[in-house]
Amino acid sequence: MHCTNCGQPLPANATACLSCGKRVVRPAAPPAVPNYLVPAILVTLCCCVPFGIVAIVYAAQVNSKLAAGDLPGAVDASNKAKMWSWIAFGVGGAFALIYGAFMVLGALGGA
């Protein structure tokens, strides 16, 4: 990091510039916002493709919105990615249960 007043390099733990004496203001680290990309991809591959794709689209928007400085947009995209991941998981699970029930009923009816 360099001094914003004189441009001299600053030590890592400096509170003031050694050259000009100006106080060092360190930028705050951006808050961590989870993007839920891995769960979105997993539910797309394993549960429900249409809703999983929606989750992937929202998950992909989180990091770009954070980089642009749009924290509320990043949090909104993160929440939507999480919501659509759970919706895809629920729909896929419900479909699997219904399919399993039909398979059992078909096996019992054919015997």
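- Atom SG in C6 sits 9.0 Å away from atom CG in L18 (nearest 0.5 Å).
- Cluster membership check: I87 shares its hydrophobic cluster with V54, using side-chain heavy-atom separations under 4.5 Å among Ile, Leu, Val, Met, Phe, Trp and Tyr.
- Partners of K80 according to the side-chain hydrogen bond (donor to acceptor under 3.5 Å, both in side chains) rule, which considers only residues two or more places apart in sequence or in another chain, are D76.
- In this structure the side chain of C17 reaches within 4.5 angstrom of the side chain of L10, judged on heavy atoms.
- Closest of all the heavy-atom pairs between C48 and A88 is CB-O, 3.5 Å.
- For the atom pair CD1 of I56 and CG of N35, the computed distance is 11.5 Å after rounding to the nearest 0.5 Å.
- Taking the side chain as every heavy atom from C-beta outward, F95 and I98 never approach each other to under 4.5 Å.
- For the pair V62 and V33, the minimum side-chain heavy-atom distance is below 4.5 Å.
- Applying the 4.5 Å side-chain rule to ILVMFWY residues, one finds Y99 in the same cluster as M103.
- With values rounded to the nearest 0.5 angstrom, Y36 atom OH is found 12.5 Å from M83 atom CE.
- Atom OG1 in T44 sits 9.0 Å away from atom CG in L37 (nearest 0.5 Å).
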